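Beneath this line is the structure, given in structure tokens, with notes to follow.
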Amino acid sequence: MEEIEIPDSIRCEFEIKGGIDGIVELLPDDQRIRYISSIARAISDPVRLRVLFALCIQPMCVCLIVAMTEYAYSKMSYHLSILRDSGLICSKQEGNYLIYYPTDLGRKVVKWIGKSF
């Protein structure tokens, strides 16, 4: 492999960490990267992000979420499934209603995002 010229300002720390191989060893595994990517994808849409924030304020049935977002039920079902599949929300049946609420991970993501901006 060809030697790569790196700036002196990062050379020492880079070498302490074991160079490229050492850094690769410190990275999350591929499964973890895919999981993190699915969460990032889920919150990349403004509608889904708004819904996640709203559910952290108040668990809601889909009829309330649709009223809040003014989205069609079919479109909202798609967004909710992405949030659910990423582990950010879950739901429980109460009579004829499905109530959506954030998971612990969903609350952590909202808390982290809220502090970041």
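Remember, it's a predicted structure, so these values are computed and weren't measured experimentally.
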Are [Y] and [X] connected in a single hydrophobic cluster, I mean Ile/Leu/Val/Met/Phe/Trp/Tyr linked by side-chain heavy atoms less than 4.5 Å apart?
X: I23; Y: I4; answer: yes
X: V24; Y: I33; answer: no
X: I36; Y: L52; answer: no
X: Y101; Y: L105; answer: no
X: I57; Y: V51; answer: no

Using atom types as modelled and distance alone, determine if a side-chain donor or acceptor of [X] lies under 3.5 Å from a backbone N or O of [Y].
X: Q93; Y: G95; answer: yes
X: S77; Y: Y73; answer: no
X: T103; Y: G87; answer: yes
X: S86; Y: A42; answer: no
X: R48; Y: L83; answer: no

Less than 4.5 Å apart, side chain to side chain, heavy atoms only: is that true for [X] and [Y]?
X: C63; Y: V66; value: no
X: L55; Y: M60; value: yes
X: F53; Y: I113; value: yes

For this session: Please assess L80 against Y100 for the test side chain to side chain contact (heavy atoms under 4.5 Å, CB included), listing each intermediate value before the final yes or no.
Result: CA-CA 9 Å; L80 291 170; Y100 292 91; 3.7 Å; yes

Problem set entry | CA sep, side-chain torsions, deciding dist, call: Y97, V62, side chain to side chain contact (heavy atoms under 4.5 Å, CB included) | CA-CA 8 Å; Y97 298 96; V62 71; over 6 Å; no

Could you measure the distance from the [atom1] atom of [X] to the [atom2] atom of [Y]? Nearest 0.5 Å is fine.
X: L26; Y: D21; atom1: CG; atom2: CG; value: 11.0 Å
X: S91; Y: L98; atom1: OG; atom2: CG; value: 4.0 Å
X: I20; Y: E25; atom1: CD1; atom2: CD; value: 12.5 Å
X: K108; Y: C56; atom1: NZ; atom2: SG; value: 12.5 Å
X: I89; Y: R107; atom1: CD1; atom2: CZ; value: 12.0 Å
X: D104; Y: K111; atom1: CG; atom2: NZ; value: 11.5 Å

For this session: List, by chain and then residue number, the residues other than I82 in its hydrophobic cluster (Ile/Leu/Val/Met/Phe/Trp/Tyr, side-chain heavy atoms under 4.5 Å); write none if there are no others.
Result: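 Answer for I82: Y78.
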
For this session: For R11, look at atom CZ and say whether over 12 heavy atoms of other residues, nucleotides or ligands are found less than 6.0 Å away.
Result: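 Yes.
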
Problem set entry | E13 atom CD, neighbour heavy-atom count above 12 within 6.0 Å | no

Exercise. Any luck finding a side-chain donor-acceptor pair between R41 and S37 under 3.5 Å?
Worked result: yes

For this session: List the steps and the verdict of side chain to side chain contact (heavy atoms under 4.5 Å, CB included) for V47 and M76.
Result: CA-CA 9 Å; V47 171; M76 186 50 61; 3.9 Å; yes

For this session: Starting from the C-alpha separation in whole Å, work towards a yes-or-no answer on salt bridge (Lys or Arg N to Asp or Glu O under 4.0 Å) for R32 and D29.
Result: CA-CA 5 Å; R32 184 85 174 144; D29 63 30; over 6 Å; no

For this session: Given side chain to side chain contact (heavy atoms under 4.5 Å, CB included), test R84 with S81 step by step and report yes or no.
Result: CA-CA 5 Å; R84 187 176 45 247; S81 69; 3.8 Å; yes

